[in-house]
Amino acid sequence: MTERTAFHRWERALDWAGLVPAGLLLLVGLREYRDGGSVGWPLTAALVFLASLWPVYRGMSGRRSGARRAS
């Protein structure tokens, strides 16, 4: 039995908020590549985006497994 605290909600919000700058970096990387830049821009931006998705996925899978145990 776990209790949701304000700190936990804040932590989850920050995980989701991390997707915004990572997504913007991905858009900039794709635009740079389209304008003749290095392929390293979109590849690096995609890696950063995937790395920022990991805490979101980890939190969602933990929430689902916790809900299964409670029922």
Side-chain angles (χ1 to χ4, degrees):
M1 176 188 270
T2 60
E3 184 177 316
R4 298 277 185 212
T5 62
F7 179 74
H8 181 74
R9 285 190 297 263
W10 178 251
E11 187 179 42
R12 296 296 301 142
L14 286 176
D15 289 345
W16 282 95
L19 291 175
V20 174
L24 290 174
L25 182 64
L26 183 59
L27 290 176
V28 168
L30 290 172
R31 186 174 59 199
E32 287 292 321
Y33 177 67
R34 189 180 62 213
D35 291 341
S38 171
V39 73
W41 277 103
L43 289 178
T44 303
L47 286 175
V48 169
F49 188 78
L50 287 174
S52 67
L53 272 176
W54 178 250
V56 173
Y57 170 75
R58 192 182 65 218
M60 291 187 70
S61 65
R63 186 169 37 136
R64 275 188 297 223
S65 65
R68 287 183 190 152
R69 278 187 243 137
S71 53

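Position 1 is the first residue of the sequence, and the numbers go up from there.
The side chain to side chain contact (heavy atoms under 4.5 Å, CB included) check on P21 picks up nothing, with sequence neighbours excluded.
Here the CG-CH2 distance, from L53 to W16, works out to 8.0 Å after rounding to the nearest 0.5 Å.
Taking the six-membered ring for Trp, W54 and Y57 have ring centres closer than 6.0 Å.
Residues F49 and L19 have side chains in contact (heavy-atom distance under 4.5 Å, counting atoms from C-beta outward).
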Can you give each donor-acceptor pair under 3.5 Å made by side-chain atoms of residues 37-47, sequence neighbours left out, with the distance rounded to 0.1 Å?
{"residue": "S38", "atom": "OG", "partner": "G40", "partner atom": "N", "Å": "3.0"}
{"residue": "T44", "atom": "OG1", "partner": "G40", "partner atom": "O", "Å": "2.7"}

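Within the structure, salt bridge (charged side-chain N to carboxylate O under 4.0 Å, His left out) pairs that include any residue of residues 20-41 do not occur (at least two apart or interchain).
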